[in-house]
Each structure stands twice: as structure tokens, then as C-alpha cells.
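See below for the structure under consideration.
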Amino acid sequence: MSESSTAQSTRYNPTELENKWYQHWMDQQYFASKPDEREAYSIVIPPPNVTGVLHMGHMLNNTIQDILIRKARQEGKNACWVPGTDHASIATEAKVVKRLREQGIKKSDIGRDEFLKHAWAWKEEFGGKILDQLKQLGASCDWDRTSFTMDPGLSKAVMKVFVDLHKKGKIYRGKRMTNWDPEAKTVLSNEEVIYKEENSRLFHVRYRIEGTEDEWITIATTRPETIMGDTAIAINPKDERYTHLQGRKAIVPLIGRVIPIISDGYVEMEFGTGALKVTPAHDMNDHEIGERHQLEIVDVFNDDGTMSEAAQLYIGQDRFAVRKLVAKDLEKAGHIVKIEDYRNTVGRSERTDAVVEPRLTLQWFLDMKDFAKTALDAVSSKEVQFFPEHFWNMYHNWLNEDNIRDWCISRQLWWGHRIPAWYYGEDTFVAETAEEALEMARQKSGIADLPLSELKQDEDVVDTWFSSWLWPISVFNGFESPEELRYYYPTNVLVTAWDIIFFWVARMVMAGYEWSGELLGPETAAKKGIMPFKAVYFTGMVRDEKRRKMSKSLGNSPDAIQLMDRYGADGVRFGMLSSAAAGNDIVFDAPIDPKTKKVLNESKLCEQGQNFCNKMWNALRLIKGLPRKEQAIDKETALINALAIQWFEHKLEQTAIKIQEQFETFRLSEALMNLYTFIWGDFCSWYLEMIKPPYGEAIDEATYQRTLELFEKLMSLLHPFMPFVTEEIWHQLQDRQAGDDCIISPYPRGGSFDAALITKVDTAMEVVAKIRDARNKNGIKQKEPLTLFIQKTSSTSELFELAGLKEMIVKMAYLSELTFTEEEIDNSVSFLAGTGKYFLLINKQIDVAAEIARLEEDLGRQQMFVKKAEKKLGNPRFVDGAPPAVVEKERKKLSDGQARIKAIEEELEKLRNK
RNA sequence: GGGCGAUUAGCUCAGUUGGUUUAGAGCACCUGCCUUACAAGCAGGGGGUCGUUGGUUCGAAUCCAUCAUCGCCCACCA
């Protein structure tokens with residue numbers, strides 16, 4: 001395919017290749033899944049907003065899902081990742097309204113049907129964008145299954161579920177104090193309101209006592225514009241300052257309404273003046289007080305936050321303008337006692353940022369009591385497992401019966417699933433279709449030919465999450481024909497950010513239990529349903545350097561597409577993942593080093609990923625560029641190559657096992673780091689250097705072939721993390737038959753390995769490193785041939801019995817000679833590796849004083865080490881109490897340490913005697 | 001107010017039920033190298049008494065308590 005490019009560029013160039021391979025995978029239909037006899041591995045995507053763009057949170061999230069699904073695919077499972085988008089009622093409607101407004105069109109002028117046409121047009125125009133961006137990231141979703149929460153099938157499921165719950169008596173309609181967004185003109189759920197401290201002012205306003213000329217009661221309020229809605233003043237019954245006013249009446253300034261002075265334990269005596277104005281229409285707590293005392297409710301606002309007729313004054317003006325006006329007018333009339341600066345918490349709409357107005361409205365609710373219990377049980381019984389586990393605490397805290405509140409499921413919007421309730425006269429008919437509702441109405445009313453036009457459907461739509469909570473069932477068309485559901489459900493894992501644990505995760509668990517039982521058939525029904533996923537992996541939130549959540553509104557998110565264009569999808573995937581331990585928030589931006597003032601910008605991590613691609617690319621160039629011949633060149637080379645291959649094979653098995661363990665516990669970033677150091681360090685820096693022939697010479701065919709196979713295995717292991725570069729290298733390594741692709745290559749599981757062999761080579765590597773260090777410290781060129789003596793002991797003898805080890809050290813450390821010695825070597829640099837002692841002969845006088853200092857420092861370290869071990873072993877409770885293996889290790893540590901001390905002391909003595 | 005989490009190298013973070021980790025990685029820093037795969041590289045190196053003070057234990061970065069600082073979630077005093 002790209003054979004010609006192999007040897008050319010020293011740089012890996014992702015852009016072209018990524019497109020090419022994605023297209024290839026699509027052509028081969030690797031992402032498509034149909035139920036078959038294989039084990040299923042399914043994931044449903046957390047559907048992003050249909051009109052959204054890819055941000056860093058999505059990148060992280062979907063990279064993780066892709067890693068999991070790709071690995072499952074390589075393991076031969078029937079991997080199915082269902083993509084899709086969410087209609088996101090409020091967010092999308094807000095965008096459409098804005099666009100229409102820019103065109104001079106008001107939503108209310110064009111009406112529901114016309115508005116929805118615009119909304120659908122908008123969805124068609126921008127809806128697929130985020131999915132295309134996911135493709136650029138390499139997401140291996142089964143695109144044929146792409147779902148949208150307002151697809152006919154998914155919409156039908158929403159209707160079905162609504163009717164079902166209504167029949168079960170869990171859905172009810174009632175007047176409630178709700179959070180009203182005056183900008184979007186809709187009710188918000190508690191979760192959609194964001195409270196923040198803001199600067200405001202606390203007005204102390206005095207109300208005259210009825211029937212007096214100069215007796216007053218002073219209240220404190222931050223919202224003087226609501227005084228027209230006051231219907232009482234409340235005081236604490238224990239407050240002696242006001243005992244004399246109990247049962248009397250006060251007069252509301254400006255409008256002159258006479259209101260009772262009541263006593264209620266809710267009032268805090270210490271706060272403000274200890275007297276509270278009660279506005280039942282505009283405050284949650286005041287409303288409760290109002291109910292206790294049967295107070296009148298005066299709603300002084302319109303639905304857009306302007307003053308209503310009931311306010312009597314300032315009608316039609318905005319609440320915040322009125323706040324200032326009222327303050328001025330009260331001042332003029334002598335009612336202001338004082339005004340204090342004050343900080344209080346203000347609730348704002350998550351979507352529109354408008355200050356939320358508590359308001360009494362008629363809404364649909366879902367009774368959460370039973371649902372909450374089910375959702376709690378599912379997690380406490382470990383049927384659904386959380387990673388990391390501590391999110392259980394947060395989940396529990398929200399769902400326990402003291403905190404759980406009924407779910408307000410209606411929204412005053414048009415974009416979404418319209419509530420399937422029809423009104424006729426005093427009656428309400430909840431049905432999946434208008435026809436059914438009409439039939440119900442005809443029966444109830446006895447009017448056989450009642451026309452549909454007489455019925456009025458509820459104007460509202462359901463909360464977006466009311467469709468999302470069905471997602472793991474509805475994307476498999478589970479409510480209509482559950483065949484696929486039986487195969488793919490429960491999904492294996494849900495990967496999501498923890499901030500929607502309540503909105504979405506908990507509710508999906510609830511829905512799973514509520515409906516999967518009957519849908520999956522008798523076996524499951526007996527268990528009253530099962531969870532929608534076996535595990536939930538919570539990713540951290542991606543934050544900027546100020547630890548703020550990355551969001552479009554703040555504009556603090558790097559452009560994901562730009563990043564991919566710059567570093568390649570593989571580079572970005574690497575960057576995202578390498579600092580993303582499960583559940584911990586990750587800071588992904590531009591921290592500044594206080595010392596150097598240099599910007600360690602966000603690209604650092606991605607750059608590292610890009611460099612990694614480059615490294616592997618060059619390893620490929622090296623191998624493919626080597627001249628080859630049939631037979632081994634000489635005996636030494638043959639020994640080295642054999643050892644290198646043997647060592648690396650064992651190391652590969654060991655690594656594969658570790659990776660497997662890390663996958664099982666979702667330690668993906670650690671797995672990636674392991675592969676990174678394994679490939680860069682062990683493979684490139686050691687293995688390839690060991691087998692690399694001197695310049696101009698050839699490598700033997702057997703070693704060459706074996707190296708290709710090892711490289712191939714590495715690509716299989718790394719593929720889930722960095723799919724593009726691994727696929728490209730896979731194809732450059734060998735000529736491939738059609739269908740022989742890295743994406744479906746078996747995932748190396750790892751098997752038994754020889755730990756002793758690995759340790760021996762590790763020691764040899766330590767020897768090499770020490771020699772290099774000695775060269776550095778003594779200013780000797782890296783390639784100047786030197787002689788190394790090894791002190792002959794039982795341990796060094798055993799070490800060097802390993803065939804090829806000696807030759808390998810000679811090659812890697814550029815030695816001219818390596819021999820055993822029985823005695824100390826004069827004028828040499830000595831060092832320890834493992835428990836062995838080595839003397840490097842350098843062709844210049846050594847600095848005796850410096851050498852002594854170095855050895856003394858080392859001696860001190862070793863003595864500390866030995867002392868610790870001695871203390872432990874001297875303690876009978878340790879020897880008896882600790883596991884034998886631990887004690888044995890401690891003994892080994894001690895004897896090794898003692899051997900080292902002995903060696904150092906000998907050396908020191910020799911030097912001192914000079 | 002209720003709950004959760006964090007505090008480990010200059011920076012960003014790992015450290016998996018307490019013992020093979022004399023505490024690791026990347027970046028940054030220092031030294032030497034344009035060595036014929038890669039200078040976006042190679043070979044080395046320095047740097048941390050794991051926030052405080054106690055406790056449990058034969059043994060603590062790891063468990064418990066306390067304090068300090070920071071972050072987040074939920075609820076909220078007008």
C-alpha cells in the first residue's frame with residue numbers, strides 16, 4: 001500500500017494515513033455487529049448533544065470506549081459500540097430560538113409546527129458533525145446503528161414508558177414550587193440550576209404597623225421587587241423583641257396591602273432583623289410557610305420575569321430594573337432603614353444563565369421513592385460495579401430516601417417528546433397516541449362521535465433525560481422487538497463523566513430494572529429485571545489550568561479538531577489518556593512553570609504521543625532498511641541475537657499479563673504507560689540495539705523474521721490505544737493478504753515467562769549503564785574500547801553462564817575485553833551491579849579522592865539499607881508473623897547488602913592504602 | 001450545614017486489599033553526544049524525611065484519628 005514511503009521520511013505523518021485506515025476499516029465492515037454465536041461485548045455511547053461539537057471531555061470519554069471495544073474485538077468477541085446523539089431539548093431549542101431571532105422571527109409568532117420544522121432543519125444541518133469528529137478520533141462505532149433520541153422507535157419507547165408509569169400510578173401532575181427559567185420560559189430540574197455566590201445588597205425595609213402612626217417592623221430582603229407579593233411578615237415565636245406585635249398587622253409599603261404578622265419557627269432570630277417578609281409565590285421556603293398559615297399567594301411576575309398585573313406597580317418592567325426602582329421609591333417614601341453590601345447564593349439556569357425564579361407551576365412528576373431504592377440496591381449488591389468505587393458514596397448520598405425528590409419530567413419547550421396527555425373538559429387521558437386518547441375520551445364522556453379536535457394535547461415535552469434513561473434499551477429497539485436486546489443486554493460497561501451520575505447513570509439503572517425483566521423474558525422477569533451495564537467507568541472531568549470545567553461557554557477548551565490536525569488522532573489519544581486515571585479530574589491546559597516562566601502548554605502530552613508514533617516509525621525504518629543474509633554472521637552475533645530474542649519474548653509475555661490485569665481494573669492510562677516504556681525502552685533502546693548489526697553489515701534472516709513478529713505483537717498490544725499508527729506499521733512490516741489487519745489481530749494475552757532470565761538480563765543492563773556512567777564521569781568517549789574485569793564470585797559466575805550475556809555486554813558497552821578476575825584491579829573504576837563487583841580499566845589516572853568520596857557515599861546508603869533489614873529480621877514478631885516469602889525477601893536483601901558493603905570496603909581500603 | 005475527594009520531585013500526576021519500590025513516570029533541569037532508525041533523537045545525571053501531629057502494626061506514602069490547606073457535589077438564611 002505505502003511500501004514506498006517506508007524508508008523515506010524520518011517523521012511519521014498521520015493525517016493522510018489516518019483517513020486511509022479509517023476508510024479501510026469501514027470498507028471491511030469491522031465495526032459492524034450482528035448477533036451471532038460469539039460472546040457479545042457491547043457499549044452504548046453517552047449520546048452527545050446533537051448540535052454540539054467535540055470537546056475534550058468527549059475526546060477522553062470516547063477514546064476510552066474505543067480502547068475497550070477494540071480490545072474486545074481483538075479478543076474475538078462480537079464487539080458492538082452503539083453511537084448516537086441526544087436531542088438535548090433546552091440547549092438545542094435555545095440555539096434554534098437564537099437563530100430565528102437573528103432572522104427577526106419570534107418563536108411564538110410561527111407556532112409549534114413551524115418551529116419544529118426549523119429545529120429539524122437545524123438538526124439535519126449540524127447534527128452529524130460531532131459524529132464525524134468522532135470518526136476522526138478513530139472511534140470504531142457501528143455506524144449503521146447510529147441512533148437519535150427522537151428517532152421514531154426511540155420516541156415510541158418514551159411514549160410507551162410514560163403511559164406505563166402513568167398506569168402504575170407513578171406519574172402524577174401537581175402544582176409545585178419549581179425553578180423557572182424566565183429566559184427559556186421553562187421549568188428546570190434542581191440539577192439544572194447552578195448556585196453561585198454573587199454580590200448583592202441586603203435592604204432593611206420598615207413596614208408600618210396597622211393602626212399606628214409611628215410604629216414599625218423592619219425586615220431584611222435582597223429582593224425588594226417582590227414586596228408587592230408579600231402576604232405576611234413572619235417572626236420567630238420565641239423572639240421577645242416582637243412578642244408585642246404578634247397578631248397585629250402590617251402595611252406593605254407602596255401598595256398599602258394589610259398583611260398579618262405571624263410567628264413561625266422557620267425564622268432565624270439572628271439573621272437580619274429577625275423579621276421575615278413572606279412572599280409565598282416567589283420563594284420555596286416562603287411557600288411552605290404560606291401553606292402552614294394558609295396565606296394568600298400573589299404572583300407578581302409574568303413568565304418572562306417582568307412584573308404582572310398582580311404587582312399593581314411597574315407592570316411589564318423587568319424584575320431587575322424594578323429592583324432598583326423599588327429601592328428608590330422606598331427610599332423616597334422613608335421606608336429604607338439601611339442598605340448593606342451582601343453576598344448571597346443565586347441560582348442560575350445551566351443553559352441560559354438567567355437567574356432562576358422560584359415559581360408555582362403545574363407540572364408532571366415521577367414518583368422516585370421505589371426507583372431510588374432499586375437503584376441503590378443495584379450498586380450496593382455489586383450487580384453494577386463502579387470504577388472507582390468511591391463514587392458509590394456520592395450516588396448513595398443523592399439516592400437515599402432523605403434526599404431523593406420526585407423527578408419533575410415536564411418542560412415548557414417544543415423540541416422534544418410531547419407529553420402524551422390529552423385534556424377534555426376536566427378529564428385527562430394519557431395514551432400512546434391521540435387516537436387511543438380519543439377513544440378513551442369517547443368512552444368516558446359517552447359521546448361516540450367526539451372529534452379529535454375537541455381534545456387538547458398537553459403543550460409540554462418531557463425532560464431530555466426521560467428519553468436518555470431508556471438509551472441502553474431503546475437503541476436495541478428493545479421495547480418493540482427484544483431479540484437484539486437479549487443478545488447485547490446488559491451492556492458491558494458504561495463510560496461517562498461523573499457529573500451526570502444522577503441525571504443519567506442512576507436513572508438508567510432504574511429504567512433497566514423497571515423494564516428489562518418483562519422484555520428479556522421469563523428468566524429475567526423472575527429477577528425483576530437486570531442492570532443495563534455490568535460496570536460503570538467514571539472518567540474525570542477535563543479541566544483547564546484554573547481547574548474550571550471545560551465548557552463552550554467559558555471558551556477554555558482547546559479545539560479538539562485542531563489538536564488532532566496538529567498531533568494526529570493517535571497523538572491526541574495518547575495525550576488524553578496518559579494523564580487520566582479513572583475518576584480523577586485531569587488538568588489539560590497550559591500550566592506555567594513558575595521558575596522558567598515557560599508555558600508547558602497542553603500540547604506537551606499530545607506531543608509526547610506524537611513523538612511516540614515517530615519513535616515506532618523509525619524503529620520500523622531501521623528494521624526494514626537492514627541488509628539481510630541467510631546465515632548468522634559469526635558466533636558472537638548469533639549468541640547475542642538468540643539471547644535478545646529469548647529475553648524479549650519472555651518480557652513480552654510478562655508485559656502482556658500486566659496489561660491484561662490493568663484492563664480488568666480499568667487502569668488504562670497505566671497500561672498505556674507500560675506499553676510506552678516497554679516499546680520505547682525495552683524494544684527500541686535495548687532489543688533493537690542488541691540485534692542491530694554494525695554499519696553496512698547484514699542481519700541474519702531468522703533474527704530479522706523474529707523481530708518482525710515481535711514488532712507485530714507489540715502493534716497488536718498497542719492497537720486499542722493508538723489504532724492508526726499501529727495499523728500502518730502492521731502493514732509495512734509484512735506483505736499482507738486481504739483481511740490480515742491489525743485491528744482484528746488476536747490480542748496477546750501473555751503466558752508463562754522466565755523471571756530469572758529477565759532478572760539476569762536486567763543485571764547485565766545495569767552493568768552496561770554503569771559502564772556508560774563511568775565513561776561520562778571520566779570524560780571517556782562512548783565508543784572508545786575499554787576492558788572490564790568481573791570479580792569472580794559464585795553469583796557472577798552464575799550470571800555469566802547465560803549464553804550470550806557476556807557478548808551482549810561487550811557489544812552494548814563498547815568493550816574490547818571482558819574477563820574474570822580473582823583480585824582487585826589497580827587504577828580502575830569499580831562499581832557494583834546486582835551483587836557483583838566490576839572494574840573498568842580506563843586509560844587515565846583516576847581521581848582517588850573523588851573515587852573514595854563516591855564509594856563512601858554509597859557505603860553509607862548500603863549500611864542504612866542493611867541496618868533496616870537487620871532490625872526487621874532481629875524482631876522475632878516479624879520473623880514469626882510476616883509471610884515466609886516476605887521474610888525470605890528480607891533475608892536476601894540483607895545478604896545482598898552485606899555483600900555489597902564488603903565489596904565497597906575492600907575497594908576503599910585499597911584506595912586508602914595508595 | 002450534609003457529603004465526597006485531594007495534599008507524593010520545579011510542574012502535571014501514578015503508586016492496584018500495608019511487605020520485591022532503599023518511593024515511580026512524563027515534562028522541566030544539568031552533563032556529554034549531529035553515533036550510519038529517530039536531535040520531535042541518543043547516553044547518563046541531579047532532585048522527594050510522600051501536608052501536620054499522634055495512633056494501630058513486626059512493618060505505614062498506603063489503615064485510623066486530629067489539624068491545616070485546596071477542590072468538588074448536595075442543600076441553603078431572607
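Numbers restart at 1 for each chain; the letters A, B, ... are given by sequence-line order, proteins then strands.
- The separation of B:rC70 from B:rA25, taken at their C1' atoms, amounts to 24 Å, rounded to a whole angstrom.
- Remark: A:N611 is in phosphate contact with B:rG41, judged by side-chain N or O atoms under 4.0 Å from OP1 or OP2.
- Across all strands shown, A:T222 has heavy atoms under 4.0 Å from sugar-phosphate atoms exclusively, and none from any base.
- The nearest whole Å value for the distance from the OH atom in A:Y687 to the P atom in B:rC42 is 19 Å.
- Closest contact between the side chain of A:L688 and the listed nucleotides B:rA78, B:rG26, B:rA37 involves B:rA37.
- The side chain of A:R667 places no N or O atom within less than 4.0 Å of a non-bridging phosphate oxygen (OP1 or OP2) of B:rU16.
- Set against B:rU35, B:rC73, B:rC77, the side chain of A:W498 has B:rC73 as its closest nucleotide.
- For the pair A:Y266 and B:rC77, the criterion of a side-chain N or O lying under 4.0 Å from OP1 or OP2 is met.
- Between A:S685 and B:rA43 there is a side-chain polar atom (N or O) within less than 4.0 angstrom of OP1 or OP2.
- Side-chain contact, A:Y12 with A:N618: no donor N or O sits under 3.5 Å from an acceptor N or O.
- For A:N776, counting side-chain heavy atoms from C-beta on, the closest listed nucleotide (B:rC72, B:rC77, B:rA43) is B:rA43.
- Counting distance only, with no hydrogens placed and no angle test, the side-chain atoms of A:E670 and the base atoms of B:rA25 include no donor-acceptor pair under 3.5 Å.
- Looking at A:Y704, its side chain never comes within 3.5 Å of a backbone N or O of A:A698 through a donor-acceptor pair.
- Between A:W680 and the phosphate of B:rA37, there is no side-chain N or O to OP1/OP2 separation shorter than 4.0 Å.
- If you take CH2 of A:W504 and C1' of B:rC73, they are 20 Å apart, rounded to a whole angstrom.
- Salt bridge status for A:K781 with A:E784: absent, with no side-chain N to carboxylate O gap under 4.0 Å.
- In a base pair of the Watson-Crick type (N1 to N3 plus N6-O4 or O6-N4) or a G-U wobble (N1-O2 and O6-N3), with each distance short of 3.5 Å, B:rC4 is matched with B:rG71.
- Nucleotide B:rA28 forms no Watson-Crick or G-U wobble pair with any nucleotide shown, as no partner meets the under 3.5 Å limit on both distances.
- The distance between the ring centers of A:F666 and A:F387 falls below 6.0 angstrom.
- Each of A:V267 and A:G696 was assigned the nucleotide of RNA chain B with the nearest heavy atom; the assignment lying further toward the 5' end belongs to A:G696.
- Ion pair A:K892/A:E888 not flagged as a salt bridge, since none of the NZ, NE, NH1 or NH2 atoms sits closer than 4.0 Å to an Asp/Glu carboxylate oxygen.
- Protein atom CE of A:M673 is 10 Å distant from nucleotide atom C1' of B:rC27, rounded to whole Å.
- If you check B:rG48 for Watson-Crick or wobble pairing at under 3.5 angstrom, you find it has no partner at all.
- Rounded to an integer number of Å, the gap from CD1 of A:I404 to P of B:rG2 is 21 Å.
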Decide yes or no on ring-ring contact (aromatic ring centres under 6.0 Å, His included) for A:F386 and A:Y537, but give the supporting numbers first.
-> CA-CA 6 Å; A:F386 282 179; A:Y537 175 105; over 10 Å; no

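- For the C1' atoms, the distance linking B:rU12 with B:rU56 amounts to 34 Å, nearest Å.
- Straight-line distance from the OH atom of A:Y695 to the P atom of B:rC38: 11 Å, rounded to whole Å.
- For the C1' atoms, the distance linking B:rA43 with B:rC38 amounts to 14 Å, nearest Å.
- Under the Watson-Crick or G-U wobble criterion, with both distances below 3.5 Å, B:rC34 has no partner in any strand shown.
- With P as the reference atom, B:rG59 and B:rU66 are 23 Å apart, rounded to whole Å.
- Look at the C1' atom in both B:rC13 and B:rC76: the space between them is 35 Å, to the nearest Å.
- Per the geometry, CZ belonging to A:F612 stands 17 Å off C1' belonging to B:rC27, to the nearest Å.
- With rounding to whole Å, A:Q782 atom CD is found 17 Å from B:rG41 atom P.
- Heavy atoms of A:K277 sit nowhere under 4.0 angstrom from any nucleic acid atom.
- Of the two residues contacting RNA chain B, namely A:L202 and A:L626, the nearest-nucleotide position lying further toward the 5' end is that of A:L626.
- Checking A:N285 against A:Y266 by side-chain atom types alone, a donor-acceptor pair falls below 3.5 Å.
- Using a cutoff of 4.0 Å between basic side-chain nitrogens and carboxylate oxygens, A:D341 and A:R201 are not scored as salt-bridged.
- Nearest to the side-chain atoms of A:D773 among the listed nucleotides B:rG45, B:rC38, B:rU35 stands B:rG45.
- Of the candidate nucleotides B:rU35, B:rA78, B:rC73, B:rC73 has the atom lying nearest to any side-chain atom of A:F502.
- Rounded to whole Å, the separation between the P atoms of B:rA6 and B:rU21 comes to 23 Å.
- Base pairing of B:rU22: no nucleotide in any strand meets the Watson-Crick or G-U wobble criterion (both distances under 3.5 Å).
- Contact annotation: A:K777 does not reach the phosphate of B:rG44 (side-chain N/O to OP1 or OP2, under 4.0 Å).
- B:rU53 and B:rA68 have their P atoms separated by 15 Å, with the value rounded to a whole Å.
- Listed for the A:T226 side chain is a donor-acceptor partner under 3.5 Å among the backbone atoms of A:R223.
- Rounded to a whole Å, the OH atom of A:Y242 is 13 Å from the C1' atom of B:rA78.
- Comparing B:rA37, B:rA78, B:rG44 by their closest approach to the side chain of A:A769 singles out B:rG44.
- Pair assignment for B:rA78 gives none, since no Watson-Crick or G-U wobble pairing has each distance under 3.5 Å.
- Comparing B:rA37, B:rU36, B:rC73 against the side chain of A:K692 picks out B:rA37 as the nearest.
- Looking at heavy-atom distances under 4.0 Å, A:E689 makes contact with a base.
- Comparing B:rG18 with B:rA37, their C1' atoms are spaced 45 Å from each other, to the whole Å.
- Among the atoms of the strands shown, none is found under 4.0 Å from any heavy atom of A:E890.
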